[in-house]
Amino acid sequence: MRLATWNVNSIRARLPRLLDWLANVRPDIACLQETKIPPEDFPVAEIAELGYEVAAHGAGAWNGVAVLSRVGLSGRAVGFVDEPGFPDPEARALAVTCGDLRVWSVYIPNGRTPDSDHYAYKLKWLAALRGALAAELAEHPALVVSGDFNVAPTDDDIWDPAVFVGATHVTPPERQAVADLLALGLTDVEARPLKGDRPYTYWDYRAGMFHQNKGMRIDLVLASAPVAARITDAYVDREARKGKGPSDHAPIVVDLTDP
DNA sequence: ATGCCTTATTTCATAAGA
């Protein structure tokens with residue numbers, strides 16, 4: 001079984017590349033973030049042609065998450081109990097059941113700057129997510145939470161720590177919030193970089209950052225113990241970051257033994 | 001090589017991303 005997660009940065013803008021990627025990589029389950037599209041406009045028909053069922057959560061031009069599955073899709077849950085908003089809840093979390101797996105696609109708030117209201121919202125959102133996942137794990141032992149966490153868990157996950165002094169994504173409270181998620185019994189799945197030393201998943205569009213491999217590891221796949229024990233391989237598909245019209249994020253692809 | 005920002009909307013300017 002193959003599971004993937006990808007921040008596509010607009011499914012409208014990325015649809016041709018997404019369809020090519022699905023046809024080539026053939027994930028059984030794909031979590032998407034930053035779809036930036038309302039559910040009624042989601043390109044369900046094109047994706048269904050490749051054999052996928054779709055669950056999408058979106059509200060207008062920002063945020064938006066989805067799960068595509070060709071191994072069944074049921075138990076759709078949009079958002080979570082006591083999900084914080086800014087000020088109203090946004091389209092940042094979606095959970096579904098695909099075969100034997102409970103799968104969450106999440107898009108954690110950016111935080112903008114450490115002194116902003118959005119940063120406080122980010123921390124509040126992560127803390128609330130922890131509570132929701134604790135309850136979810138009690139019900140679904142085989143759980144995967146994947147998406148864009150907008151946190152680089154360690155200094156090894158950014159290309160130059162000096163550049164990020166005073167910035168979000170690297171502050172101790174953000175890193176602690178992710179550590180608190182792992183403390184629920186989740187594993188931060190280690191993915192192979194296809195090139196270079198570090199499995200970065202994001203490179204800014206500007207200034208040739210990708211070509212210099214000045215990236216960040218901010219997209220994560222968190223797996224509960226029964227799922228982590230089944231992993232045979234995981235890699236960052238940096239090929240998807242190349243060429244004309246890419247997302248600024250690359251997908252993570254995880255292979256599991258069948259249950 | 002992969003090549004120096006992109007996407008969206010309240011569009012000819014601005015907000016957001018990270």
Side-chain angles (χ1 to χ4, degrees), chain A residues 5-18 20-21 24 32-38 40-43 58-66 85-88 90-92 106-123 125-126 147-171 173-175 177-178 193-220 235-252:
Chain A
T5 185
W6 191 10
N7 179 325
V8 294
N9 185 17
S10 171
I11 199 166
R12 287 188 215 268
R14 216 66 57 212
L15 188 59
R17 289 189 65 127
L18 174 64
D20 283 349
W21 181 81
N24 287 314
L32 306 180
Q33 301 85 35
E34 284 207 85
T35 52
K36 299 185 176 178
I37 199 166
E40 62 268 26
D41 295 332
F42 203 94
W62 302 108
N63 314 308
V65 288
F86 194 76
D88 299 317
E90 301 174 307
R92 296 185 177 275
V106 296
Y107 175 51
I108 279 69
N110 172 291
R112 298 178 191 168
T113 59
D115 61 352
S116 72
D117 291 344
H118 207 263
Y119 177 83
Y121 167 51
K122 180 181 194 174
L123 294 179
W125 203 94
L126 279 163
D148 178 356
F149 284 73
N150 273 320
V151 178
T154 75
D155 277 353
D156 285 337
D157 298 316
I158 48 179
W159 58 277
D160 182 1
V163 171
F164 292 87
V165 172
T168 55
H169 295 61
V170 301
T171 66
E174 291 166 274
R175 286 176 167 170
V178 171
L194 295 184
K195 183 180 177 184
D197 296 332
R198 300 297 311 163
Y200 297 140
T201 63
Y202 164 86
W203 300 261
D204 196 296
Y205 282 126
R206 291 166 286 191
M209 299 289 269
F210 177 63
H211 315 92
Q212 301 169 70
N213 198 29
K214 293 179 175 176
M216 306 173 74
R217 187 176 79 93
I218 54 176
D219 299 88
L220 306 175
Y235 67 94
V236 179
D237 186 6
R238 69 192 303 285
E239 296 299 314
R241 181 63 178 79
K242 295 181 180 180
K244 184 174 171 57
S247 169
D248 42 4
H249 294 251
I252 302 169

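Computed from coordinates, the A:Arg17 CZ to B:dT7 C1' distance equals 15 Å when rounded to whole Å. Separating the CG atom of A:Asp237 from the P atom of B:dT2 is a distance of 14 Å, rounded to the nearest angstrom.
Distance check on atom C1': B:dT7 versus B:dT11 gives 12 Å, rounded to whole Å. For the C1' atom pair drawn from B:dC5 and B:dT10, the interatomic distance equals 23 Å after rounding to whole Å. The gap from the C1' atom of B:dT6 to that of B:dA18 amounts to 13 Å, rounded to the nearest Å. Straight-line distance between the C1' atoms of B:dA8 and B:dC12: roughly 15 Å, to the nearest whole Å.
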query: For every nucleotide of nucleotides 9-18 of chain B, 5' to 3': is a protein heavy atom under 4.0 Å from its base (B), only from its sugar-phosphate (S), or from neither (-)?
result: S------SBB
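The shortest distance between the side-chain N/O atoms of A:Ser247 and the OP1/OP2 oxygens of B:dT6 is not below 4.0 Å.
Between A:Arg238 and A:Gly245, it is A:Arg238 whose nearest contact on DNA chain B lies nearer the 5' terminus. Between A:Ala13 and A:Phe210, the residue anchored closer to the 5' end of DNA chain B is A:Phe210, taking for each the nucleotide with the nearest heavy atom.
For the pair A:Lys36 and A:Ile11, the minimum side-chain heavy-atom distance is 4.5 Å or more. Inter-residue side-chain proximity for A:Met209 and A:Trp159 is flagged as met; some heavy-atom pair is nearer than 4.5 Å.
Counting only N and O atoms by type, the side chains of A:Trp21 and A:Asp237 include a donor and acceptor under 3.5 Å apart.
Listed for the A:Arg241 side chain is no donor-acceptor partner under 3.5 Å among the backbone atoms of A:Phe210.
Between A:Phe164 and A:His169, the ring center distance fails the sub-6.0 Å criterion.
Checked options A:Thr168, A:Thr171, A:Asn110, A:Thr113; the residue passing with A:Tyr119 is A:Thr171 (criterion: side-chain hydrogen bond (donor to acceptor under 3.5 Å, both in side chains)).
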